[in-house]
Structures are given as C-alpha cells and as structure tokens.
Amino acid sequence: MKTYLVTGGAGFIGSNFVKYMLRQHENIRIVVLDALTYAGYLGTIDADIDNDRCTFVRGDICDRELVDSLFAQYRFDVVVNFAAESHVDRSIENPQLFLQTNILGTQNLLDCARRAWVNGKDAQGYPTWQDGVRYHQVSTDEVYGSLGPTGFFTEDTPLQPHSPYSASKTSADLVVMAYRDTYHMPVSITRCSNNYGPYHFPEKLIPLMINNVLEGKKLPVYGQGTNVRDWLYVEDHCKAIDLVVNEAADGSIYNVGGHNERQNIEIVRIIIRTIRRLMEERPEFRALLKRQDKDADGQIDISWINDDLITYVKDRLGHDQRYGIDPSRIKADLGWYPETTFEVGIEKTILWNLEHRDWVQAVSGSDYQTYYERMYAGR
Ligand code: NAD
Ligand code: TYD
C-alpha cells in the first residue's frame, strides 16, 4: 500500500488527480494538504474524504513543522506537488506571493521529504534513499517561454519564462533538479500545457467564458485573440502524472500535452456555438441563463448567444504568443498520448458547468466578484 501526499488537492487539477487515483488504484492512501486559498474549495473533494483512503489537512506547504509532522504520522511514499499560485494575471499584480508559495513552498516540501526519506550515505557521501519513494513536481510548459508560429517545446528547449508565475515555476523546477543533482533525490517533473475540464476555477479562460455567457456578460478577449494555447483535458493529464510517478525513471522530465493548439478567439467562438447548440437541444438549460427575455414563440430567447458577445480588451502585459508541446518523449517511453479530442473535451466541460451551477456559485463568491471587477474594469 502506497501513501501519497497530494498538495493542492482541493484545487482544479489536484482534485481531479485525487478522484482519478482513488478510482484507478484500490491499494493507495492519499493525504491532501491544501491551504484553501481562494482557488481551493473543500466541497470539491469532500465526498472523497473518508479518513481511510483519503484524508484532508488544511495547511501551508511552506510550514516546515506541519509538513514534518505529516511525514512522521503518515510515512509518505510519494509526494505530488500541485500546490501553487497558478494564475498569470494575479502574478502580474502580486509577484511576491508567487515566489513565496511556488519556490519556497517547493523547497520546503523537498527538505521535509529529504529528512524523512534519507536512510544513510553511499561511499561518495551522497545520501541513500528509502526504496520506492518519489517526489513529483507538477510544472508547466510556460517555463519554456513563448513560441513563434512554428516549432514545439521539447524537454530540451531552453527555459525562458516571462511572467512572474512562469519564472516562479521555472525556479521551482531548478530547485527540484538541484536536489536531484546534489542529494541524488528520487524526483520527477511533468510540464503540462493548459488544462481544462471539471472543477476549473472561473478566473481562467474557458470557465470564465462559459460563465459569462450564462450571466449574459461580455466575453473579454485579450489583445487580438490570436495567442495560441495547447489544450489538455485534465483527466488525460492525471493519467500522465500517474504513469510518470509510478513508471518513469528517477530524475525524469516529461512534457505532457500536444496537438490541441487553438487561438483564444477560436476557443471563445467554439464555446459560444456549443452553448447555443446545447440550449437548442435541451431547452431546460435555458433556465440557467440570467437573461430570461422571451422569443416570439414564448421560449427563453437565445438568439443573443452569438459572436457579438465578444469584446476585445487591453492585452495582458508580457503576453506569451504561443505554447505548443511535442509529446514524443512521453509517448515513446510510457505510451501516453492525449486521448480526449478538443471537440469531446469542450462539450463535456460545458455540460459539467451547466450541470454544476451550485459548485460555480460556491467558488465565485464576493472575493471573486471583487477580483473580476478590479481585473476587467477599464480594460
Ligand atoms: P489551482 O489554482 O486551481 O489550485 C491550486 C491549489 O493549491 C488550491 O487548492 C490552493 O488552495 C492550493 N494552495 C495554494 N497555495 C498553497 C500553499 N501555500 N499551501 C498549500 N496549498 C496551497 O491550480 P491548478 O490549475 O489546479 O494547478 C495545479 C498545478 O498545476 C500548479 O502547480 C500549476 O502551476 C500547474 N499547472 C497548471 C496548469 C493549468 O492549466 N491549470 C497548467 C500547467 C501547470
Ligand atoms: P489563462 O486561462 O489565464 O491561462 P494561461 O495564461 O496560463 O495560458 O489564459 C489562457 C489564454 O486566454 C491566455 O492567452 C490569456 C487569454 N485570456 C483572455 O483572452 N481573456 C481572459 O479573460 C482570460 C482569463 C484569458
């Protein structure tokens, strides 16, 4: 029986990972450590917490005493670190918090794992490690910077981050590899592209656009909308992490994503079209719209759900133009590829958002409304 420490497990990808792992593996235990910042919501995983296979601890990954005590209590075999400040726009407003959580938090987890897992020294003085332990860092393709119209990120692409967020994630990756080189620590890193799917916090592009349509608000596209992201369905990502943690060699780095590149404007148009189609196919969804004007047939009108909702707003500072992943290494070594096409994934995601309005309401309280007004006012 392996025991996992999953940090950030009440956030978007972390919660999907917790659910995926509990479904896939009968013989594991998970302890979720999450500070429940604005981006973490316990309601996302409360049905999974049974205090037998899955336990929740509220706390900060930077808290050495707490993390040491969790290692002593649960004797973790694996750490999967999702905990982070994750939104580029917020990092432009408050860089220091990103450096604190993403770099020092990672370093604290590494140190606590080192104290718990080292069991001796080899002839050259390098630490030796308990069998079967692994520290896994969930990183991002944003560490590679921005691409022009051609080419892809491979694992050998030089690290060239631009935003405070991506600079902090890059620093964290370098610290992880420093522990590998200096202490021979068993580590791995995955660098994924933009995820989408259930439980996505509404500040990010895809859920923001879905929610704005339902609320009858404008759809704010930064700049010309020509920036390109390589979209990855979150469950495909969870599968990749499971494979890397359990099957890849110590010290491995894998890019996760690939061949799902879209301009932002295309994503927004697909969301508009898909919501409108779903409302035509299932008129009961129209009750979710804030705008309840009736059409000539007495049905709730949806004719306004069209591209006129799009508004081009001031661009993000230092906005990376294009991300695109070459996933050859993970495919060749572990047989992983992104199974979910964008057409399938986006419909599932929109349906999930239509069917889980209570979750969306719960995470978009007054703090989020204040953030939205501050971030988008005068843009
Ligand atoms: P998220 O913002 O939805 O969730 C982050 C979680 O971490 C939240 O539950 C939050 O409460 C928790 N957290 C924040 N600070 C903490 C701290 N100091 N101690 C403990 N918990 C803390 O993020 P996400 O989108 O799920 O991303 C998860 C990881 O994946 C991050 O490391 C992010 O950098 C990386 N990533 C995300 C994407 C993406 O598209 N979402 C893409 C590439 C990489
Ligand atoms: P985002 O979801 O914030 O992810 P990231 O910045 O990590 O890629 O943004 C995805 C893309 O969408 C990015 O190019 C910025 C753009 N975007 C908008 O055009 N409008 C928005 O309101 C948001 C949140 C993002």
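First listed ligand is number 1; within each ligand, the first listed atom is number 1.
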Checking heavy atoms under 4.0 Å, the part of E203 that sits near ligand 2 is backbone

Pull out every atom of ligand 1 sitting under 4.0 Å from any heavy atom of V138, numbered as shown with elements.
-> 30 (O), 32 (O)

Heavy-atom distance under 4.5 Å between the side chains of M21 and V80, does that happen here?
-> no

Interatomic distance, D242 atom CG to Y4 atom OH [nearest 0.5 angstrom] = 6.0 Å

Separation between OG1 (T340) and CD1 (I346), nearest 0.5 Å, reads 12.0 Å

Centroid-centroid distance, W117 to F76, less than 6.0 Å = no

Can you find an N or O of I61 that's nearer than 3.5 Å to an N or O of ligand 1?
-> yes

By number and element, which atoms of ligand 2 are closer than 4.0 Å to a non-hydrogen atom of E142?
-> 5 (P), 7 (O), 8 (O)

Does an N or O anywhere in Y41 fall below 3.5 Å from an N or O of ligand 1?
-> no

Judged by non-hydrogen atoms, does F201 sit under 4.0 Å from ligand 1?
-> no

Answer with yes or no whether C62 contacts ligand 1, where contact means a heavy atom under 4.0 Å from a ligand atom.
-> no

So which heavy atom in the protein is nearest atom 6 (O) of ligand 2, and how far is it from that ligand atom?
-> R316 NH1, 2.5 Å

Report, in ascending order of atom number, the atoms of ligand 1 lying under 4.0 Å from any heavy atom of K169.
-> 31 (C), 32 (O), 33 (C), 34 (O)

Considering only heavy atoms, does Y165 approach ligand 2 within less than 4.0 Å through its side chain, its backbone, both, or neither?
-> neither

Does the gap between the ring centers of Y196 and F342 come in under 6.0 Å?
-> yes

Close-contact set for ligand 1 against G40 heavy atoms, below 4.0 Å = 8 (C), 9 (O), 11 (O)

Does even one non-hydrogen atom of S139 get within less than 4.0 Å of ligand 1?
-> yes

Does some non-hydrogen atom of G59 fall short of 4.0 Å from ligand 1?
-> yes

Does Y165 come within less than 4.0 angstrom of ligand 1, counting non-hydrogen atoms of the residue?
-> yes

D48 bridged to K19 by N-O distance under 4.0 Å | yes

For ligand 2, does N194 get within less than 4.0 Å through its side chain, its backbone, both, or neither, judged by non-hydrogen atoms?
-> side chain

So, R357 side chain and N353 main chain: donor-acceptor pair closer than 3.5 Å or not?
-> yes

Heavy-atom gap A10 to ligand 1 smaller than 4.0 Å | yes

Proximal atoms of ligand 2 relative to V221 (non-hydrogen, under 4.0 Å) | 19 (O)

Taking only non-hydrogen atoms of S86 and a 4.0 Å limit, the atoms of ligand 1 in range are 1 (P), 2 (O), 23 (O)

Of all the atoms in ligand 2, which lie at a distance below 4.0 Å from a heavy atom belonging to K204?
-> 2 (O)

Just distances here: any N/O of C192 and N/O of ligand 1 closer than 3.5 Å?
-> no

So for N264 against ligand 2, with non-hydrogen atoms under 4.0 Å, the contacting part is side chain

Using a strict 4.0 Å cut-off to heavy atoms of N195, name the atoms of ligand 1 that fall inside it.
-> 39 (C), 40 (O)

Counting heavy atoms only, name the option from D63, V67, T44, D60 that's nearest to atom 18 (N) of ligand 1.
-> D60

For L36, the ligand 1 atoms with a heavy-atom partner under 4.0 Å come out as 11 (O)

Measure the distances from the heavy atoms of T101 to every atom of ligand 1 and state whether one is below 4.0 angstrom.
-> yes

To the nearest 0.5 Å, tell me how far T7 OG1 sits from D34 CG.
-> 8.0 Å

Kindly check if the number of other-residue, nucleotide or ligand heavy atoms within 6.0 Å of CD (Q361) is above 12?
-> yes

Let me know which of I300, I302, D301 forms a side-chain contact (heavy atoms from CB on, under 4.5 Å) with D295.
-> D301

